[in-house]
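In what follows, a single structure is set out as structure tokens and then discussed.
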Amino acid sequence: MKKGLIALLAVVGIIGILVISIIGRYNGLVDLEENVNEKWAQVENVYQRRLDLIPNLVNTVKGYASHEKETLEAVVKARASASQITPEGLGNVLNNPQAFEKFQAAQSGLSSALSRLMVVVERYPELKANQNFLNLQSQLEGTENRIAVERMRFNESVREFNSTVRKFPTVMIAGLFGFQKKNLFEASEGAEKAPEVKF
Amino acid sequence: MIHLKKNLFQSFVGAGSKPAPKRLFALILFGLFALSQSAFALDIPPSPKQYVADYANVLSDATEAQLNQTLDRFEKSDSTQIVAAIFSSLEGESLEDFTIRLAEAWKIGQKGKDNGVLFTVFIQDRKMRIDTGYGSEEFLTDLRAAEIIRNVIAPEFQQGNIDQGVLNGVNAMIATLRGEFKNVKKSKGSTSGKLVNIVFFIFIFFFVIPFIRAMRGKTIGVRHSGSRRYGSGFSSSRSSGGFSSGGFSGGGGSFGGGGASGGW
């Protein structure tokens, strides 16, 4: 009788500890994932900021460098495809490796189109002296730097999440509740660095 | 930190260790040192006590005192923190990467408002940058920051007037930001509330901070082994400050890469 009670208490105690530990780990994962989402929102923000800058930039450059049609069109095209990717939704891009790849590809396509434009611009001294262009250029530089910073912070948050998700025994809880490893931004040529803009 | 590691190693190898492993250890140590040197050529100095941190010693004492006073008053009236840091060289670091790490480490600006501004100058590189916090970037926009660099500071720097350039630049930043943030006076709590605050601060200072320091020293201390020291710079800026009230202490502001870079 007494022994049975002790055994029962022990089992209940062990189950209790297990449940508490599972709850703790689960909540930890939720916090980490929320952090990733937050950082991702910032990444989307700064990319959107860049998208918003481009029409003005293209128009200004057009006025001075009308024969650079190809380069300008490439930027417009790259912008169009990048803006198509963005509204796919936050959770979707984060939990879908293909969507993430697409997003990254579109944005780095835009980065390289923009940096080509900025190289071309070097040939037009009047454009480079134009106040409006100078303004847009400083805004673009600031935005590119913001992109680099927010990407880095996003990657940091994902690294933390991923390493927690993959560790034992959290990996079992992650599997149980469907937490998946998330993609990182690769340090690709284009998007990581601001287009080289020299005065 | 290196010495500490060495002792640790010796205790591992034993007191009578032969020269061969010692040499090997020296080699490993050198490798580590070189690695830390290449990765962090210019280390983030500890948070300064004043608003102006002149590590390159290019500002006159009078300018430094004037700037400190202006920026102290500005923080008292507007709560916005502007910190100016002058380095002699970037030592191969990337400008934007270094300055954002600096801004985050010094926690310039108030927590929640993120109304910090960091103005950095690298004399030998002839480069400068204005970093704006998440809150201040709305008012001191990238564009305005670029204009201040281009039209206010760079012309003075080109003529060698570092003092005047920094003064004018800081004044232009203040003029742009003035009135955008209000220094919200904390509502006067009861004396018992104040007492609780004081006890809380004592607790933080004597227990939590040393604890955190100790923890940090254990985990990431090795990385900073080859770093430069900045001790002397601080004492000089403090002595030349010449006023007792105020001084800079980071409020916990956050930065997101906004601002502008430039050269002269």
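Each chain gets a letter, A, B and so on, in the order its sequence line appears, and its residues count up from 1.
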Checklist entry - Between CZ of Arg153(A) and CD of Glu104(B), what distance do you get to the nearest 0.5 Å? => result 4.5 Å
Checklist outcome for this item: Here the gap from Arg146(A) atom CZ to Glu96(B) atom CD, rounded to the nearest 0.5 Å, amounts to 12.0 Å
Next on the checklist: Atom NZ of residue position Lys107(B) - does it have more than 12 heavy atoms of other residues, nucleotides or ligands inside 6.0 Å?
Outcome noted: no
Next on the checklist: At a 4.5 Å cut-off on heavy atoms, which part of Arg129(B) comes close to chain A: side chain, backbone, both, or neither?
Outcome noted: side chain
Checklist entry - How long is the span from the CZ atom in Arg49(A) to the CG atom in Asp142(B), to the nearest 0.5 Å? => result 5.5 Å
Item to check | Spacing of CG belonging to Asn145(A) relative to CG belonging to Asp131(B), to within rounding of 0.5 Å | outcome: 7.0 Å
Checklist entry - Taking all atoms of both residues into account, what is the closest heavy-atom pair of Arg150(B) and Leu134(A), and its distance? => result NH2-CB, 3.9 Å
Item to check | Within-4.5 Å side-chain heavy-atom neighbours: Gln139(A) and Thr141(B) | outcome: no
Checklist entry - What option among Ala260(B), Gly259(B), Gly258(B) has the most heavy-atom pairs under 4.5 Å with chain A? => result Gly258(B)
